[in-house]
Each structure stands twice: as structure tokens, then as C-alpha cells.
Amino acid sequence: MTSPKPRVVLGVSAGIAAYKACELLRRLTESGHDVTVVPTADALRFVGEPTWAALSGKPVSPQVWDGVAEVPHVRLGQQADLVFVAPATADLLARAAHGLADDLLTNTLLTARCPVVFAPAMHTEMWQHPATQANVATLRERGAVVVEPASGRLTGKDTGPGRLPDPAELFEVARHVLARGAAGRDLAGRHVVVSAGGTREAIDPVRFIGNRSSGLQGYALARTAAARGARVTLVSANVALPDPAGAETVAVGSAEEMRKAVVEAAGSADAVVMAAAVADFRPAGYRGSKIKKTEGAEPEPIRLVKNPDILAELGRIRRQGQVVVGFAAETDDVLANGQAKLARKGCDLLVVNQVGENLTFGRPDNAAVVLGADGSRTEVPRGAKEALAEVVWDLVAARLERTPSDVRQGEGR
Ligand SMILES: Cc1cc2nc3c(=O)[nH]c(=O)nc-3n(C[C@H](O)[C@H](O)[C@H](O)COP(=O)(O)O)c2cc1C
């Protein structure tokens, strides 16, 4: 017997980014989901009913008065496994936050008991307005996943936060949320910081000392945390991957830049996961112009100095109740080195993995042992980097649960 297709209601409200929802719809139907599109009346001004009906293979209506015999205003929400609204306009967020039921989409949102995801898209001013932010906070408090908009080109010539994330990334959010079901939003209301990629330490304007980190593990951590409901700050060093939907991505280059961005974001975070490969050393002096090759002369040696130890600093300055997670990339004596690093850095969890030229870096899979300061030891067999990310968040969520919320809310750094 084949298992029934997961039922998804794709809500579309009247933003210019409605056209991007066509691509999301395509990805959902092609990967075996049963999708009913519920646009708002104004959304149909941007993308018409025939497009949604043809792509989903189902009739489409924005209002409660069509097909009344089947009571769609109640049935759609009750039967859905996921309601995903993309784009979510400022107006739709306001109506949802206040429990209005003046069209089919808002009725569906009130009757749904499955996970609900909103992917807002609007101009920066609308997004940052206290009214919109209050509505977003209300929806998050009620357990909805509200994906942070991306930063970039908006409708006109202006740029800023408010852009609908890439449909491929939205699809990843939908896939994760569906896979975890209603219990999956255990990081709702939390702010987490993830670092990813590898830092580059400049020698001169052309050359740098870098490392092989691709950022795949950090991006998997950011993506899975967002799907579990967290507000995510992703501090990303030299990564050639699309920004994960739902994460606020801060691009940095060197270890010093990473330190600044991570420490700043950590000030309001419930958890910090340092998955980035941060250079231990940097050239002692930066040469302002390209070092030239001189015929007949050996090159001058490059003297190195130590970089700041970000993980140890996070261990020292952590807010009360904050969970700090480090990664140890080791080539030899993997576990012994990991245990020693855990003790040295003062973090709660250390993800220890073996790295090498064809191991881990740039590969979609990983295997690790997660060591806990409480003596715990969790073996994660080789599998997708997302699977390791989920285990890390399980362990973080369990530790956050032990922290009373009044302590978490407190000032105290
Ligand atoms: C060209 C154009 C683009 C718009 N883009 C957006 C947008 O991206 N986000 C948004 O919140 N509102 C946008 N609006 C305003 C909404 O369409 C308007 O608030 C509408 O009433 C929302 O209806 P709905 O929430 O029922 O779909 C846009 C309006 C126009 C005319």
C-alpha cells in the first residue's frame, strides 16, 4: 500500500514575490505533495487563477463561497499536514495575528492544527514597522514558524531586508517542517547564532591563508534551526552557498571579523554553535601591495601570530543559561583531542569529527561524536550533515529546557 501524499495548503498573498511561489508549488508537487493553493483575492492580481490551478491540478479560489457543500473554509485547514504562506504580506500577517477570517486563507489558518509557516516579503519599512514586528512576535508565540526575509533587491531599485527567500530554500523549510511534524517547533521563541565556513587571513591584497571548510555543516545547522522555529543569525565566512531561508546571514572574511559578529549576536542568543573553521593564526603583518617575486632571491618567510580564540571567549562571556557548542576538526587522536578541547574551552557541547582531504570538508555527509560537559557522549553515524544538525539541536533544546525562562530572559552577560 502506498502512503498518502502529505497535504500542503500553499497560501499566497498579494506581494510582488507571488511569482516565486509558482516555483515553490512546482517543487512541492514534483516531490510528491498534494498541494492546494489558496491565494488571497489581491494575490490573483499578481499571478492569475489559471496558473495556480494548472500547476496544482486543483481548483483555486480565494473565497469561502465556492464549493460550499464541501465546507472548504474548515476542511482545508483541518486536513492539512502543513500550511505554508509565501509570500506573506504585511496585511496577511496582521489579519492572521488578529484572528480575522475574512477570506479562505485566513479561515484555513484558524482551522489548521498542523505546523504553519509564514514567509514574509515586503519593503524594509513595512517589515521593520513595530506593527508588523508585533504581529510576527504574536504568530511566533503561538508556534508558527515565521521565516526571516532575506536581504537584497526589492521591488524597485531599493535593497534591504524584506525579500522572499529563494524558492529552493523555502522548499527545504517545508520539507523539514513536514518531516518533524507538530512536535518539531521546539526552538520557537529562541535566538540561535551559527557560524559557518572558513576564515581567510590576508597576506597581501591578493593572497590569503584559508582552509577547506565549505560551510555545508553550518548551513545545515542554520536551516534546521529555522525550520524548528528559531530566529537564526548565521555568521558566514567565505561560503558559496545560497543563504538558507529564515536565517539572517552576516558575511565576514577574517577570524577577527567573525569574532566581532559572533560576539555581538551572542549577546541576545539562547545558543551559539561555532561550526566555522576559524584560522588559529594570521600573518603578523599585512602587506599593502602584492608581494613580488624577485629573481635569484628566496621569498621572505611569513611570520604568524595567534588569532583570538572565539570559542573560549564565548565560554567566558556567555549569558546565564546560554548553550555554547563548539566543533573540533581533528586529523589524529580525534576523541582524546576532543575531550581536551571541551575541558579547555568551557563549552557545553563539542562536536568532534575527523577531517582530512576527502573526509567531511565539502561532502554532504558527516560522522561525529558529540561530547557533553556533563559527561554525555552521543555517537552520530555517518549520514547527511542535516541529520547531525538535528542531533545537535536535540541536545541544545534539551539543555535549554532545563533553563528556567526567567533566567534566559535576564540581562546577565
Ligand atoms: C505593485 C505592488 C506590490 C506590492 N508588494 C507588496 C509586498 O511585497 N508585500 C506586502 O506586504 N504588500 C505588498 N503590496 C501591498 C498589498 O498588495 C496590499 O496590502 C494588499 O491589500 C494585500 O492583500 P492580501 O494581504 O489580502 O493579499 C503591494 C502592492 C502593489 C500594488
Side-chain angles (χ1 to χ4, degrees), residues 8-25 35-53 55-56 59-66 72-73 76-77 80 83-112 116-140 142 144-170 173 243 245-246 248:
V8 179
V9 170
L10 176 60
V12 182
S13 52
I16 200 92
Y19 73 95
K20 291 190 188 170
C22 301
E23 160 92 22
L24 176 59
L25 170 58
V35 189
T36 304
V37 181
V38 182
T40 62
D42 281 348
L44 295 177
R45 291 170 177 258
F46 290 97
V47 179
E49 182 268 341
T51 304
W52 302 120
L55 288 177
S56 66
V60 167
S61 170
Q63 45 150 322
V64 292
W65 307 111
D66 288 328
H73 75 285
L76 279 174
V83 179
F84 200 113
V85 186
T89 56
D91 176 68
L92 190 277
L93 293 172
R95 289 192 287 136
H98 289 85
L100 297 193
D102 52 357
D103 62 6
L104 185 55
L105 180 53
T106 44
N107 275 272
T108 301
L109 287 166
L110 286 181
T111 51
V116 175
V117 180
F118 295 91
M122 63 200 71
H123 266 83
T124 306
E125 292 83 347
M126 292 174 86
W127 171 246
Q128 290 175 342
H129 194 284
T132 305
Q133 288 301 310
N135 292 330
V136 167
T138 300
L139 293 167
R140 281 184 173 145
R142 291 191 198 131
V145 174
V146 182
V147 173
E148 284 291 307
S151 262
R153 182 86 189 265
L154 302 172
T155 313
K157 288 190 176 142
D158 38 358
T159 60
R163 201 176 142 80
L164 190 72
D166 203 52
E169 290 297 319
L170 291 178
V173 175
D243 290 349
E248 185 201 345

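Both ligands and their constituent atoms are indexed starting at 1 by order of listing. What's counted below: heavy atoms across the whole structure, side chains too, no hydrogens, waters or symmetry copies.
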Enquirer: Which atom names give the shortest non-hydrogen contact between L24 and A86, and what distance separates them?
Expert: CD2-CB, 4.1 Å
Enquirer: At under 4.0 Å between heavy atoms, is it the side chain or the backbone of H123 that contacts ligand 1, or both, or neither?
Expert: neither
Enquirer: So, does R95 sit close enough to ligand 1 that a heavy atom of it is under 4.0 Å from the ligand?
Expert: yes
Enquirer: Do me a favour and list the nearest non-hydrogen protein atom to atom 24 (P) of ligand 1 with residue, atom name and distance?
Expert: D91 OD2, 3.4 Å
Enquirer: Considering P39, G162, A121, G15, which one's heavy-atom position lies nearest to atom 9 (N) of ligand 1?
Expert: A121
Enquirer: Nearest protein heavy-atom contact for atom 20 (C) of ligand 1: which residue, which atom, what distance?
Expert: D42 OD2, 3.6 Å
Enquirer: Which residue holds the protein heavy atom closest to atom 11 (O) of ligand 1, what is that atom called, and what is the gap in Å?
Expert: A90 N, 2.8 Å
Enquirer: So which heavy atom on L170 is nearest to which on A119, and how close?
Expert: CD2-CB, 3.9 Å
Enquirer: Can you see which heavy atom on A90 is nearest to which on T132, and at what distance?
Expert: CB-OG1, 4.2 Å
Enquirer: Do you know the tightest heavy-atom contact between V37 and L25?
Expert: CG2-CD2, 3.7 Å
Enquirer: With a 4.5 Å heavy-atom cut-off, do L92 and F118 have their side chains touching?
Expert: yes
Enquirer: If you take the nearest heavy atom of each of A14, A88, G11, which one is closest to atom 22 (C) of ligand 1?
Expert: A14
Enquirer: Which part of T89 is near ligand 1, with near meaning a heavy atom under 4.0 Å away: side chain, backbone, both or neither?
Expert: both
Enquirer: When you measure from atom 31 (C) of ligand 1 to the protein, is at least one non-hydrogen atom found at a distance under 4.0 Å?
Expert: no
Enquirer: Ignoring angles and geometry beyond distance, decide whether D103 reaches within less than 3.5 Å of ligand 1 through its nitrogen or oxygen atoms.
Expert: no
Enquirer: For atom 5 (N) of ligand 1, what's the nearest protein heavy-atom neighbour? Residue, atom name and distance, please.
Expert: I16 N, 3.5 Å
Enquirer: Can a donor-acceptor pair be found between the side chains of D103 and T106 at a distance below 3.5 Å?
Expert: yes
Enquirer: How many angstroms lie between NE2 in H123 and NE2 in H129, if you round to the nearest 0.5 Å?
Expert: 15.5 Å
Enquirer: Are P161 and T124 close enough that some pair of their side-chain heavy atoms sits under 4.5 Å apart?
Expert: yes
Enquirer: Protein heavy atoms near atom 18 (C) of ligand 1, is at least one of them under 4.0 angstrom away?
Expert: no
Enquirer: Would you call C22 and L55 a side-chain contact if the rule is heavy atoms closer than 4.5 Å?
Expert: yes
Enquirer: Tell me whether A43 has any N or O atom under 3.5 angstrom from an N or O of ligand 1.
Expert: no
Enquirer: Between F46 and ligand 1, does any nitrogen or oxygen pair lie at a separation below 3.5 Å?
Expert: no
